[in-house]
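Notes for the one structure printed next.
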Amino acid sequence: MRYKETNFSTQDLLNNTLEMEAANFAEIVIFDAFACLGLFLNVAVLAPTLFAGVCRKTTWAGLILSFILYAITYLLLIGRQRTTQHPPYGLCFLQASLVYSSPLLCAVSYTSFGIDFYLQVSVVVFGGFEKKTESRTQNALVIMPWVAFCFQNIITASLAVSNPSMVQRSPNQLYCIVTSPLPPTINCIVVIIAAIIVFPLDIHMTYILYKNSGTTRRLSEYSQTDISFSLYIRLVLFTLVGNVALGLSVVSMTRQLPAPSVWGIVLTTIPVIGAITFGAQTDIIRSYIPRKGKQALSRNHVVPDP
């Protein structure tokens, strides 16, 4: 009787082990699949602006590039996730730096894009700025995200050099982190500042568009160049998604993380959401359609809608 009970318990233990291994494998696959999808989609979104003559603002391109770097960050440890052997220290250190600096790059790039879009709407409604002022503003908006990116990398590198043992795999062992609370705290502060800047701009743009009925028509004239009304809608929608990022940053700072599987999936969906929000636009999609298909669309009077 005891032998049968022991045999039954061993079989249960084996089944539980197999179920856990299957769940772990599925989580790794989902995590890496979202990261790969985010990388693929954002490269596909950016490529037409480089090779197909699709016009976009530099800040828009910087935002998409930040999503690309973000997606690459979580693919650096692919093949070495949840293994008994610790990944090479150099690779883990590189990923740990990017894990904190790439979200910061996304947040500041989004802020720069939001400010740039607001200024473009202001130009349409109230008139233009002097060329020198506009050029300086553009340069500042393009450079600012990369300054924040480099700053965060310097902070993380300083912590790792002072105490190499801080560089470890995350609790879910899907990527590398630095155990110091300083980098996530900096990210949390920056995301809060970004929300404080962009959200009021969105509200003011909404007020401008509501009060100036002709603005929407004039915005449509920019549909194939810099700005458009639909791009404004996308900006507002992504701001709402940014509030989720704000909440996640606060949670990260307080170390009260949700279930590892949920946290991992949420992390790698950000580039996918960004690509769909800012990349699902008619002129970008049309750049991938063969010439015959474009002619058919033209006969049906399909108008680009960035």
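Positions are given from 1, in the same order as the sequence printed here.
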Worksheet item: How many angstroms lie between atom CG of N163 and atom OG of S158, to the nearest 0.5 angstrom?
Response: 12.5 Å
Item to complete: Check for a donor-acceptor pair, side chain of N187 on one end and backbone N or O of P103 on the other, with a separation under 3.5 Å.
Response: no
Fill in: Closest non-hydrogen atom pair between V178 and A96, with its separation
CG2-CB, 3.9 Å
Practice prompt. With rounding to the nearest 0.5 Å, note down the distance linking OH in Y110 to OG1 in T277.
Written response: 9.5 Å
Worksheet, complete the sentence: Given the options L104, V147, V99, Q152 meets side chain to side chain contact (heavy atoms under 4.5 Å, CB included) only with L104
Worksheet item: With a 4.5 Å heavy-atom cut-off, do Q138 and K57 have their side chains touching?
Response: yes
Practice prompt. Hey, could you give me the CG/CG distance between D32 and L37, rounded to the nearest 0.5 Å?
Written response: 12.5 Å
Worksheet entry | Interatomic spacing from CD in Q95 to CD1 in I72 - rounded to 0.5 Å | 12.0 Å
Worksheet item: Side chains of I189 and I193: does their closest heavy-atom pair fall under 4.5 Å?
Response: yes
Fill in: Co-membership, hydrophobic cluster, residues L182 and V190, 4.5 Å side-chain
yes
Worksheet item: Same cluster or not: are M144 and I154 linked, directly or through other Ile, Leu, Val, Met, Phe, Trp or Tyr residues, by side-chain heavy atoms under 4.5 angstrom apart?
Response: no
Item to complete: Write down the atom of A160, the atom of Y89, and the distance for their closest heavy-atom approach.
Response: O-OH, 3.7 Å
Discussion item. Are F113 and F278, when compared by the centres of their aromatic rings, separated by less than 6.0 Å?
Written reply: yes
Worksheet item: Taking the side chain as C-beta and beyond, is there a heavy-atom pair between F93 and C176 under 4.5 Å?
Response: no
Item to complete: Take atom CZ of F151 as the centre, draw a 6.0 Å sphere, and report whether it contains more than 12 heavy atoms from other residues, nucleotides or ligands.
Response: no
Worksheet item: Is a side-chain donor or acceptor of T49 paired with a backbone partner of L46 at a separation under 3.5 angstrom?
Response: yes
Practice prompt. Would you indicate whether the side-chain heavy atoms of E27 and L174 approach each other to under 4.5 Å?
Written response: yes
Response to the item:
d(S101 OG, N153 CG) to nearest 0.5 Å is 3.5 Å
Worksheet item: Quick one: does L159's side chain get under 4.5 Å of P183's, heavy atoms only?
Response: yes
Worksheet item: So how far is it from T73 OG1 to L105 CG, rounded to the nearest 0.5 Å?
Response: 9.0 Å
Worksheet item: What closest approach, in Å, do L75 and C36 show between heavy atoms, and which atom pair accounts for it?
Response: CD2-SG, 3.6 Å
Practice prompt. Going by the side chain to side chain contact (heavy atoms under 4.5 Å, CB included) test, name the single residue among F31, Y74, Y175 that passes it with Q81.
Written response: F31
Worksheet entry | Derivation and outcome, side-chain contact (heavy atoms from CB on, under 4.5 Å), residues Q173 and L77 | CA-CA 10 Å; Q173 297 189 3; L77 217 63; over 6 Å; no
Worksheet item: Would you say F34 and I270 make side-chain contact, with heavy atoms under 4.5 Å?
Response: no
Practice prompt. Give a yes or no answer on whether the side chain of Y70 reaches the backbone of L98 with a donor-acceptor pair at less than 3.5 Å.
Written response: no
Fill in: Hphob cluster co-occupancy, I78 + V43, side-chain heavy atoms under 4.5 angstrom
yes
Worksheet item: With side chains defined as the heavy atoms from C-beta onward, is the minimum distance between H86 and C92 less than 4.5 Å?
Response: yes
Worksheet entry | P200 versus A195, closest heavy-atom pair with distance | CD-O, 3.8 Å
Item to complete: Sort out for me which residue in L141, T58, V142 forms a side chain to side chain contact (heavy atoms under 4.5 Å, CB included) with S112.
Response: L141
Worksheet item: Does P271 offer a backbone N or O that forms a donor-acceptor pair with the side chain of N42 under 3.5 Å?
Response: yes
Worksheet entry | Validation row: F149, L69 side chains within 4.5 angstrom (heavy atoms) | yes
Fill in: Flag, side chain of S66 to backbone of L63, donor-acceptor distance under 3.5 Å
yes
